[in-house]
Colleague: 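My questions will all concern the structure given below.
Fair warning: this is a prediction, and the values are worked out from it, not measured in the lab.
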Amino acid sequence: MQAANDKIRGVFSSQEVRKVGTGTTTRKTVAKTFWFAEEDADGRLYVQPINSNYVPTGNKRYITKDELIEKFSPEPEFYVQTVYPKMRELSETIDRADAAREKGETFSAEFEYDNALQVDVDNVRANFGIGLTYLTRGETDKAENIFSRLIKLDGAYEEEHKHLFNEFGINLRKNKMFSQSLEYYLRALDLTQQDENLYINIARVYLELKDIPHCAEFLGKALEISPDNETAHKFLHWMETKGLLSAEQAQALLVPKSAPAGENSAEPADSAAAEQENASADAAS
């Protein structure tokens, strides 16, 4: 099942023989599971189980093309007639929710996100969207429930969701949900070690917690990855001018170390100095 660009995208099935019953009543049954398969932009192939509402859901499992051929059977009619229309309908629902949220229509947004989550409770976009909606309204108890769900979803930290990931982290901090914000960013470190701006975001949370040693530590890690990072330099200068770090401590963090540049998941850099000057480190969003 190939798309026009020759990348795999479609529905496949797998079969598993299971034993039912015990003793003389034991019998074998064949369980059939449907999977959505797609190639990433970088050529990696993944499969996701399809839920009872006929949409792919949950964390992605990466496999090889040989595994797909050996262990899965194509289901082109099921994809075209059932799964693809449901996927498109879900996407359109979330698009409406996003549009309402961007216009400040938070209750309309919540309604549409709820509809989407009834179809796919683990949908990353819908979870981020409704979480941001609750944070905008200051409903931290509801946001905490969404946070607990997002923290477990590997898909929340993928490149395609980077802007939502970043916005959610900023809003957790702005709502003074510091422990959740810290847990959220540290979870991201499990999946990526080379994003200097992730370390900067963690340093900001430690600043809010008045944990200066850890704040300096993570700022130093950011500078190890990207010695010329402008946001990190402004942050470091602010800490020095406020007497949070001595000149010697600040200089020690500036020692050049060779490391690959990271990805950009930073909170906006152009207002970094002003953020620190306000002591709350709130980023312009």
Colleague: Are a donor atom and an acceptor atom from the side chains of Arg137 and Thr106 found within less than 3.5 Å of each other?
Modeller: yes

Colleague: State plainly whether one hydrophobic cluster holds both Leu117 and Ile151, where clusters connect Ile, Leu, Val, Met, Phe, Trp and Tyr through side-chain heavy atoms under 4.5 angstrom apart.
Modeller: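 Yes; tracing contacts between hydrophobic side chains, which count when under 4.5 Å, links both residues.
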
Colleague: Do the side chains of Leu219 and Met239 get nearer than 4.5 Å, heavy atoms only?
Modeller: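 They are in contact (side-chain heavy atoms under 4.5 Å apart), so the answer is yes.
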
Colleague: Should Asp154 and Arg61 count as an ion pair when the cut-off is N to O under 4.0 Å?
Modeller: no

Colleague: Indicate the ring-plane relationship of His214 and Phe218, choosing parallel, tilted or perpendicular according to the 30° and 60° boundaries.
Modeller: tilted

Colleague: Following the transitive rule for hydrophobic clusters with a side-chain heavy-atom cut-off under 4.5 Å over Ile, Leu, Val, Met, Phe, Trp and Tyr, establish whether Leu150 and Val121 coincide in one cluster.
Modeller: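 As far as the 4.5 Å side-chain criterion goes, Val121 and Leu150 are not connected within one cluster.
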
Colleague: NE2 of His237: more than 12 outside heavy atoms within 6.0 angstrom?
Modeller: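 Not buried by this count: 12 neighbours or fewer within 6.0 Å.
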
Colleague: Could you name each residue pair satisfying side chain to side chain donor-acceptor pair (under 3.5 Å) that touches residues 92-102, not counting sequence neighbours?
Modeller: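 Sorted pair list: Thr93-Arg96, Asp95-Arg125, Arg96-Glu112, Asp98-Tyr113, Asp98-Arg125, Arg101-Tyr113, Arg101-Glu167.
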
Colleague: I need the minimum non-hydrogen distance between Glu196 and Ala222, along with the two atoms involved.
Modeller: O-CB, 3.4 Å

Colleague: Considering only NZ, NE, NH1 and NH2 on the basic side and carboxylate oxygens on the acidic side, decide whether Lys32 and Glu16 come within less than 4.0 Å.
Modeller: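 No, this pair does not count.
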
Colleague: Check for me, please, whether Leu182 and Leu153 land in the same ILVMFWY cluster - side-chain distances under 4.5 Å, paths through other members count.
Modeller: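 Yes, Leu182 and Leu153 fall within the same hydrophobic cluster.
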
Colleague: Should the pair Phe165 and Tyr185 be assigned to parallel (<30°), tilted (30 to 60°) or perpendicular (>60°) ring geometry?
Modeller: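 Perpendicular: the ring planes of Phe165 and Tyr185 meet at over 60°.
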
Colleague: Would a distance-only check, ignoring hydrogens and angles, find a side-chain to backbone donor-acceptor pair under 3.5 Å from Thr133 to Gly129?
Modeller: yes

Colleague: Answer yes or no: are there more than 12 heavy-atom neighbours, outside Lys60 itself, under 6.0 Å from its atom NZ?
Modeller: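 Yes - once you tally the heavy atoms of other residues, nucleotides and ligands closer than 6.0 Å, there are more than 12.
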
Colleague: Going by atom types alone, do Thr57 and Asn51 pair a side-chain donor with an acceptor below 3.5 Å?
Modeller: no

Colleague: Quick one: side-chain hydrogen bond (donor to acceptor under 3.5 Å, both in side chains) partners of Asn115, sequence neighbours excluded?
Modeller: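 Scan of Asn115 (side-chain hydrogen bond (donor to acceptor under 3.5 Å, both in side chains), adjacent residues dropped) gives none.
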
Colleague: By the definition ring pair (Phe, Tyr, Trp, His ring centres under 6.0 Å), identify the one residue from Tyr54, Phe12, Phe78 that meets it with Phe34.
Modeller: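 Considering Tyr54, Phe12, Phe78, a ring pair (Phe, Tyr, Trp, His ring centres under 6.0 Å) with Phe34 is found only for Phe78.
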
Colleague: Should Lys221 and Glu224 count as an ion pair when the cut-off is N to O under 4.0 Å?
Modeller: no

Colleague: When you look at OH of Tyr46, are more than 12 heavy atoms from neighbouring residues, nucleotides or ligands closer to it than 6.0 Å?
Modeller: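 Yes.
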
Colleague: Apply side-chain hydrogen bond (donor to acceptor under 3.5 Å, both in side chains) to Trp35 and Ser13, showing your working.
Modeller: CA-CA 6 Å; Trp35 306 81; Ser13 64; over 6 Å; no

Colleague: Do the side chains of Tyr184 and Leu172 get nearer than 4.5 Å, heavy atoms only?
Modeller: yes

Colleague: Between Lys162 and Tyr157, is any pair of side-chain heavy atoms under 4.5 Å apart?
Modeller: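 Lys162 does not reach Tyr157 side chain to side chain.
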
Colleague: For the backbone of Asn123 and the side chain of Asn127, can you confirm whether one donor and one acceptor N or O come within less than 3.5 Å of each other?
Modeller: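 Confirmed, Asn127 side chain pairs with Asn123 backbone.
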
Colleague: At what distance, to the nearest 0.5 angstrom, does CG of Asp40 lie from CD of Glu38?
Modeller: 7.0 Å

Colleague: Decide whether Tyr134 and Glu144 meet the rule of one side-chain donor and one side-chain acceptor closer than 3.5 Å.
Modeller: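 Not at all, the side chains of Tyr134 and Glu144 share no donor-acceptor pair under 3.5 Å.
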
Colleague: Do the non-hydrogen side-chain atoms of Leu135 and Ile146 ever get within less than 4.5 Å of each other?
Modeller: no

Colleague: What are the two closest non-hydrogen atoms of Ala37 and Val47, and how far apart are they?
Modeller: CB-CG1, 3.9 Å

Colleague: Is the shortest heavy-atom distance from the side chain of Tyr199 to the side chain of Leu189 under 4.5 Å?
Modeller: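 They are in contact (side-chain heavy atoms under 4.5 Å apart), so the answer is yes.
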
Colleague: For Ala232, does its backbone N or O pair with a side-chain atom of Asn229 as donor and acceptor, under 3.5 Å?
Modeller: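 Yes; at least one donor-acceptor contact below 3.5 Å.
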
Colleague: Looking at Arg187 and Glu183, is any side-chain nitrogen of the basic one under 4.0 Å from a carboxylate oxygen of the acidic one?
Modeller: no

